[in-house]
Amino acid sequence: MKYVKNLMEEIFSIPSPGGDTSTITERLRKEFEGMGVPVTTTRKGAIMGTITGENDEEHKLISAHVDTLGAVVKEIKSNGRLRLSAIGGYAWTAYEGENLIIKTMKGKEYTGVLLPDKASIHVHSEEVRETLRTEENMEVRIDEDVHTKEDTLKLGIRVGDFVAFDTRTIFTDNGYIKSRYIDDKACVAVLFGVCKYLKDNNIKPENTVHFFLSNFEEMGHGVTAIPEKTVEMLALDIGTVGEGHTSDEHCVTICAKDSRTPYDFGFKKKLVELAEEGGIDYRVDVHYRYGSDASLSILQGVDVNFACIGPGVDATHHYERTHIDAIENNIKLVIQYII
Ligand SMILES: [Zn+2]
């Protein structure tokens, strides 16, 4: 768990908005290689570490996504500030007042913050309270001396540049993890925690396992580059904690259905039985507005059996929170599933 916590801390600090994930992917390629796990790369830039099992004819694929929400520069305004276009599904209020980094094509980085164009109550009075936040009225104030469009262009900032928001990651002494992008970086850490457990204890899994790090989940691409012998795909993705949901920040959620499809009855039942046998604290939940790499792949016609599990996370796609207990329960369930 110490390893998992350290890895989580590190990867939370690497910006990876959908479309700009090569830095985190290269870092994680080294993690696989350091464990002696062979890595393959898809044409779209996703990577997959493979550990050979006793049965090398029927493979299992376990996925977690490295891409996160974020934005690109949509327009450089006449006052030198930036209008953004969102990457992934979130409300602008979730990012109001958040620090961010703008990365230019040449790799130069500038800091800034996301604000409504009418932010100051001293200047705009009640309008600040009452205005609905939209793509049209949110803007980036760059931490540079810019007042005109030309000033911003001189910095090298262009339409299409990526914007990554600060994660504000905090690990509390009593085990809570507060951060943006616990979805799905916590699950990436779970995936590596499982790999490390197998390697450190010299355990050969029952079946060959592909550990797949997808890089366009938030945009709903799914995983289609699945090795031919794969019979089951288990997506690791967050359980949504909140009103009307069973998910809990201390438990692993087994997803019964999301907004795209119910998950397979037999596969779900197997996961529930494994959790009960292993004394793992779990919940079965139905996700309301949600798709996982597993459900998205299935909808694209991939012929494998499919399931989704993940740590319970509060305030998803906002300033998220989970507890280290949920991460541990998740790791235990994946281990039960593959050994
Ligand atoms: Zn996710």
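Read the numbers this way: they start at 1 and go in the same order the structure lists the ligands and their atoms.
Near the Zn ion (ligand 1), less than 2.8 Å away, sit the protein N, O or S atoms H65 NE2, D183 OD1, D237 OD1, D237 OD2.
With F171 as the aromatic partner, K5 meets the cation-pi criteria of under 6.0 angstrom to the ring centre and within 45 degrees of the ring axis.
Under a 4.0 Å N-O distance rule, the pair E98/R180 qualifies as a salt bridge. A salt bridge links R129 with E126: the closest approach of a Lys/Arg side-chain nitrogen to an acidic carboxylate oxygen falls below 4.0 angstrom.
In this structure, a donor-acceptor pair under 3.5 Å is present between the side chains of T50 and H210. Between the side chains of D264 and N305, a donor-acceptor pair is found at a separation under 3.5 Å.
The ring pair (Phe, Tyr, Trp, His ring centres under 6.0 Å) contacts involving residues 296-315 comprise Y263-F306, where partners must be two or more places apart or lie in separate chains.
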